[in-house]
Amino acid sequence: MPDKATFAFDVNIAREAAERWERSAQERNNNVAAAEEHGIAAAETKPRLVKRATRLVRLIADSPMHSRELSEQVTAAVDEPTSMDRLTPVQLEAVIGETADFLSVEFLERGSLVCSSVCRTAARTGNSVKYGTAFLVSPRLLMTNHHVIADAGEAALTVAEFGYELRSGVELPVHAFQLDPGAFFMTDAGLDFTIVAVQETSRDGKRLADFGYCPLIAEEGKIMVTEPANIIQHPEGRAKQVVVRANRLLHLLPTFAQYEADTKPGSSGSPVFNDQWEVVALHHSGIPKMDEHKNFINKNGGVWHEGDDPQELQWEANEGIRVSSLFSFIQNATVPDAEKELRKELLGAQRPEVKTMTTAPVNTGDDSTEEQPGAAAHSDSATAYAAHSGPAMQAGGGAVTVTIPLQITVSLGGGSHAATAHAVGGHAVSASAPDTTEATINPDPNYSNRPGYKPMFLGFDAPMPKLRDAQLGAALPGELKYYHYSVILNKDRKMAYVSAVNYFATPPVHYSRT
């Protein structure tokens, strides 16, 4: 006899969400109508518009895909985000619209990256299994709802199932990880969240590190009214699904977010994302439709009674807990000393970089060229670097190989040896013997493509300094920008006042065959 499937659903949480929906109706409806008719500047305060515009231009500055022509207004904002508060609400709306559209080029790639960190939870009790959704918020910690996993005892009975999804109509293998509440466990019924540690290896030997994570970002300005609210979920315990249509943020309360989206029982614990795939809320309940007597209404228009199937409810919208509220609670909560390091890792978790697929030409010695894949978007470049850290040199066969950790083979002449190519951290450079075609590194002549120093590289704002005392000479206006490196020059002395660099262990290398 198959196990009975049940889904995380709390009727009291649903009722509270419905009552909040009813109380906030007038403000919500006014704001949505204003945004639809006049744009988001009519629905949002200027401080929130400034935060949203500033966040978007910073994401542009940090994006590897920012070569598109931008308006002078946005370019100036990228160079100096603090100038944003001098813009009018209408100008801020223009910046938000342009930058949001610009960032959409990364939409699918980053969406695929975060998707792997979402899993189905399964808690077996007797002949029944309760399903929910959860997602990794750091390399070791998983977040879901309190009503999905209420205590450490329930966590010990729950497994996190990663990879339960369909690709090309085929079900992928599922990797089940045991939860580890003894290493970390935090929960709160009021905010309806639970965070629990996960064992680092699945039952079939898969590494938890292979699934990435979605950091919790305390900074505000991640989403505005009527902007998309995307959800990755396991509705009704089924294979993973993504909601990216007919989904809008409708209203923000101090602690909760209200949004349109297609969810079902079993979606509890799902991450709610903006279009830049930053987590903005933890989904915890649909908002049931009520009649004038505050009775829930079923799909047939009748009264839904407690104990009836939740799937028979009519839903108005959805509600989630805002990340800013969750972050504040986690930061200020009292935790045992043994759990402080994992909490510190969670609070300091950074947004993972998107690494685009690259290829390196390999000369096989017979004048044929093969395309070798570089690091994919989900490669473990940190492991690659650790395995090859420290410079090393090896000589022989007429060539010298230096690993730093990028491995470069340089021909010294003579002999007829095959060319070699080595990739470390997803980047490769190949050099052949004199009698074969050589691969050379050619600088990109287009300086407009160069992002310069990124102030948010370390996860907090560390901007280039401003010249206060010009007695040693005026500075050239603006920065001279290179790849992750910027210089402010003394105009008279032709020397650097200051230079700044973002150090990458595995920097991108542009190469071509000549």
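Glu93 is linked by a side chain to side chain contact (heavy atoms under 4.5 Å, CB included) to Ile40, Ala41, counting only residues two or more places apart in sequence or in another chain. Residues meeting the side chain to side chain donor-acceptor pair (under 3.5 Å) test with Arg120, sequence neighbours left out: Glu161. Applying the side chain to side chain contact (heavy atoms under 4.5 Å, CB included) criterion to Lys206, with sequence neighbours excluded, gives His175, Phe177, Ser202, Asp204, Asp210, Phe211. Residues satisfying the side chain to side chain donor-acceptor pair (under 3.5 Å) criterion with Glu278, sequence neighbours excluded, are Arg55, Asn274. When the side chain to side chain donor-acceptor pair (under 3.5 Å) test is applied to His234, no partner is found at least two apart in sequence or on another chain. Judged as a ring pair (Phe, Tyr, Trp, His ring centres under 6.0 Å), and not counting sequence neighbours, Phe327 has no contacts.
The OG atom of Ser486 sits 8.5 Å away from atom CG of Leu480, with the distance rounded to the nearest 0.5 Å. For the atom pair OG of Ser138 and CD of Gln350, the computed distance is 12.5 Å after rounding to the nearest 0.5 Å. The CD1 atom of Ile223 sits 7.5 Å away from the CG atom of Leu252 when rounded to the nearest 0.5 Å.
In summary, the side chains of Ser267 and Gln233 do present a donor paired with an acceptor at a separation below 3.5 Å, with no hydrogens or angles considered. Using a 3.5 Å distance cut-off with no hydrogens or angles, the side chains of Gln258 and Ser24 do pair a donor with an acceptor.
Counting heavy atoms from C-beta on, the side chains of Trp277 and Leu113 never come closer than 4.5 Å. Using a 4.5 Å cut-off on side-chain heavy atoms (C-beta onward), Tyr453 and Val501 make no contact. When side chains are defined from C-beta on, Met224 counts as touching Leu49, because their heavy atoms get closer than 4.5 Å. Counting heavy atoms from C-beta outward, Ile231 and Asn247 have side chains that stay 4.5 Å or more apart. Side-chain contact check for Arg140 versus Tyr213: every heavy-atom pair is 4.5 Å or farther apart. Val242 places none of its side-chain heavy atoms less than 4.5 Å from the side chain of Asn230. With contacts defined as side-chain heavy-atom distances shorter than 4.5 Å, the pair Ile232/Lys240 qualifies. When side chains are defined from C-beta on, Arg343 does not count as touching Ile195, because their heavy atoms never get closer than 4.5 Å.
With hydrogens and angles disregarded, a donor-acceptor distance shorter than 3.5 Å links the side chain of Lys222 to the backbone of Ile217. For Ser328 (side chain) and Ser325 (main-chain N/O), no donor-acceptor pair under 3.5 Å exists by modelled atom type. Asn490 contributes no side-chain N or O that, together with a main-chain N or O of Tyr497, makes up a donor-acceptor pair within less than 3.5 Å. Here the side chain of Arg48 pairs no donor or acceptor atom with the backbone of Gly221 at under 3.5 angstrom. A distance-only check finds no donor-acceptor pair linking the side chain of Ser499 to the backbone of Val487 [under 3.5 Å].
Contact record, Met143 with Ile330: CE-CD1, 4.2 Å, taken as the closest heavy-atom pair. Considering every non-hydrogen atom in both Asp85 and Val50, the closest pair reads CA-CG2, 4.0 Å.
Across His251, Glu319, Arg248, His283, a single residue satisfies side-chain hydrogen bond (donor to acceptor under 3.5 Å, both in side chains) together with Tyr259, and that is His283.
For Lys344, the NZ atom sits in a loose shell: 12 or fewer heavy atoms of surrounding residues, nucleotides or ligands are nearer than 6.0 Å.
Salt-bridge annotation for Glu44 and Arg52: absent, with no side-chain N of the basic residue lying under 4.0 Å from a carboxylate O of the acidic one.
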